[in-house]
Amino acid sequence: MAKNVKVSIEPNTNVILEVKDFGKHLKFRRTKEGLTLAEASELCNINMRTLIRLEKGFEGVRLSTAIHVAKMFGLKVILE
């Protein structure tokens, strides 16, 4: 039986100033697609704990992993 995923609140800005802002965008995209943490982490080929850490804005996750996950959810990381 498929699990219903509640869509999180859409971030009100595309400017990411903190790690937590990045996490909000990831969580919104994941939940908008109806993916559970387990499903999304499997699709991204990462540990579910890593995805949780990213979504909660914890520091200590490799930048390469964060960029990979962002790409998987259709997010672009642009530096100016």
Undergrad: Please give me the minimum heavy-atom distance between L51 and A40, naming the atom from each residue.
TA: CD2-CB, 3.6 Å

Undergrad: What distance separates R29 CZ from M72 CE, expressed to the nearest 0.5 Å?
TA: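 Interatomic distance, R29 CZ to M72 CE, rounded to 0.5 Å: 13.5 Å.
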
Undergrad: Please check if L43 and I52 belong to a single hydrophobic cluster, counting links between Ile, Leu, Val, Met, Phe, Trp and Tyr side chain heavy atoms closer than 4.5 Å.
TA: yes

Undergrad: Hey, could you give me the CZ/OG1 distance between R53 and T65, rounded to the nearest 0.5 Å?
TA: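 These two atoms lie 11.5 Å from each other.
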
Undergrad: Any idea which heavy atoms bring L54 and A66 closest together, and the distance?
TA: CD2-CB, 3.8 Å

Undergrad: Hey, any chance L37 and I46 share a hydrophobic cluster, counting ILVMFWY side chains that come within less than 4.5 Å of each other, even indirectly?
TA: yes

Undergrad: Got a second to check how far K20's NZ is from K56's NZ, nearest 0.5 Å?
TA: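 So the NZ of K20 and the NZ of K56 are separated by 9.0 Å.
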
Undergrad: Side-chain heavy atoms nearer than 4.5 Å, only ILVMFWY residues, links allowed to pass through others: does that put V19 and F28 together?
TA: no

Undergrad: With rounding to the nearest 0.5 angstrom, report the NZ to CD distance, K32 to E10.
TA: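 CD of E10 is found 6.5 Å from NZ of K32.
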
Undergrad: Minimum heavy-atom separation for H25 to T13, with atom names?
TA: NE2-O, 2.9 Å

Undergrad: Answer with yes or no whether the hydrophobic clustering places V61 together with L75; edges join I, L, V, M, F, W, Y residues whose side-chain heavy atoms lie under 4.5 Å apart.
TA: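 Same hydrophobic cluster.
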
Undergrad: Can you name the nearest heavy-atom pair linking V77 to A70, along with the distance?
TA: CG2-CB, 4.2 Å

Undergrad: Got a second to check how far E39's CD is from M48's CE, nearest 0.5 Å?
TA: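 Reported value, rounded in 0.5 Å steps: 11.0 Å.
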
Undergrad: If I take atom CG from residue L26 and atom CG from residue D21, how far apart are they, to the nearest 0.5 angstrom?
TA: 11.5 Å

Undergrad: What pair of heavy atoms forms the shortest contact from F73 to L35, and how long is it?
TA: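 Reported closest heavy-atom pair: CE2-CD1, 4.1 Å.
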
